[in-house]
Amino acid sequence: MILPKVRDPRFITVRRGGTLSDAHHHLLALWAADCAEHVLHFFERERPDDRRPRHAIELGRTWTRGEVTMTQARTAAGHANGAARDLSGAARHAAYAAGQAAAVAHVAAHELGAAAYAIRAARAAAAQDDSAGAGRVECAWQRDQLPSEIRELVLDDQRLRNDLCWYVFEC
C-alpha cells in the first residue's frame with residue numbers, strides 16, 4: 001500500500017476541496033513520469049515488444065498538456081500494471097513505476113508510488129551487496145529532478161509516507 005488511508009489535502013486539487021493547483025498537479029505528474037522512465041529500461045530489456053509501460057508514461061505526460069483525459073491516463077496505468085504481473089524483480093518494479101506515474105492524473109499522491117517503485121527497480125537490478133547503494137543513488141537522482149515549485153511538498157510527502165513506501169526514501 002502506498003496511499004495513506006486519509007488523503008492529504010495538499011494532494012487533492014482545489015476544485016475537489018484540497019489545496020493542490022493544476023500547475024502543481026501537472027508538475028507532480030511530470031516528475032513521476034521522469035522517475036518511471038529513468039528505470040524503464042529494466043522492463044524493456046525483458047519485454048522489448050511490450051509498450052504498455054512506456055505508453056502509460058507517455059499518456060501521463062500527455063495528460064499534463066490537456067491532450068488526453070484523466071480516464072485515458074488512468075486506463076493506461078492499469079495496462080502498465082498488467083504488464084508487471086507475471087514478472088519479478090527490476091522489470092516488475094519498473095512497470096509498476098510506469099503505472100503509478102500515469103495514475104497521478106487520477107490521484108496526485110501516486111507520485112510517490114512512481115518514485116518508490118523506481119527505487120525498488122534500481123535496488124533489484126543491482127548486485128545484492130550494492131542494492132542499498134543503488135537505491136540511494138536513484139533516490140538522489142530523483143530529488144535532483146524535482147522542480148523547485150513542488151520540491152518541499154514531495155520531500156515532506158516522502159518523510160510522511162516513507163513507512164508505506166518500504167522505507168526507500170532514506171537517501
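Remember, it's a predicted structure, so these values are computed and weren't measured experimentally.
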Give the minimum heavy-atom separation between [X] and [Y], together with the two atoms involved.
X	Y	result
A95	P53	CB-CG, 4.0 Å
A56	A98	CB-O, 3.9 Å
L30	T64	CD2-OG1, 3.6 Å
L87	A91	CD1-CB, 4.0 Å
A108	F11	CB-O, 3.5 Å
Y167	R123	O-NH2, 4.0 Å

(message) Please determine whether side chain to side chain contact (heavy atoms under 4.5 Å, CB included) holds for the pair I119 and R136, giving the CA-CA distance in whole Å, both sets of side-chain angles, and the decisive distance to 0.1 Å.
(response) CA-CA 8 Å; I119 292 169; R136 284 190 297 275; over 6 Å; no
In terms of hydrophobic clusters joined by side-chain contacts under 4.5 Å, are [X] and [Y] together?
X	Y	value
V39	I57	no
I12	V14	no
I2	L112	yes

Is there a donor-acceptor contact under 3.5 Å from the side chain of [X] to the main chain of [Y]?
X	Y	result
Q142	A115	yes
R151	R143	yes
E46	F42	no
D50	E44	no
R7	G18	no
R92	R85	yes
S131	A126	no
R74	A105	no

Gap separating the [atom1] atom of [X] from the [atom2] atom of [Y], nearest 0.5 angstrom:
X	Y	atom1	atom2	answer
W166	Y117	CH2	OH	3.5 Å
L146	E111	CG	CD	9.0 Å
M70	Q72	CE	CD	10.5 Å
F43	L40	CZ	CG	7.5 Å
F169	L164	CZ	CG	10.5 Å
D8	D156	CG	CG	8.0 Å

(request) Would you indicate whether R16, at its atom CZ, is surrounded by more than 12 heavy atoms from other residues, nucleotides or ligands within a distance under 6.0 Å? (result) no
(message) With a 6.0 Å cut-off (strictly less than), is the heavy-atom count around CD of E67, excluding the residue itself, greater than 12?
(response) yes
(message) Before you tell me yes or no, could you show the steps for H26 and R65 under side chain to side chain contact (heavy atoms under 4.5 Å, CB included), namely the whole-Å CA-CA distance, both residues' side-chain angles and the distance that decides it to 0.1 Å?
(response) CA-CA 8 Å; H26 293 164; R65 298 189 302 269; over 6 Å; no
(request) May I have all residue pairs that pass disulfide bond (SG atoms under 2.5 Å apart) and include part of residues 88-163, sequence neighbours excluded? (result) C139-C171
(request) Under the side chain to side chain contact (heavy atoms under 4.5 Å, CB included) rule, what do R47 and D86 come out as? Steps first, then yes or no, please. (result) CA-CA 11 Å; R47 298 279 167 86; D86 67 336; 3.3 Å; yes
(message) Quick check on the 6.0 Å ring-centre criterion: do H25 and W63 meet it?
(response) yes
(message) Closer than 4.0 angstrom, basic N to acidic O: yes or no for D157 and R10?
(response) no
(message) Could you tell me if the side chain of R161 sits less than 4.5 Å from the side chain of L3, heavy atoms only?
(response) yes
(request) Verify side chain to side chain contact (heavy atoms under 4.5 Å, CB included) between R15 and D22, making sure each step is shown before the conclusion. (result) CA-CA 9 Å; R15 70 183 157 284; D22 286 343; 2.6 Å; yes
(request) Under the salt bridge (Lys or Arg N to Asp or Glu O under 4.0 Å) rule, collect the residues that match up with R51, sequence neighbours excluded. (result) E58
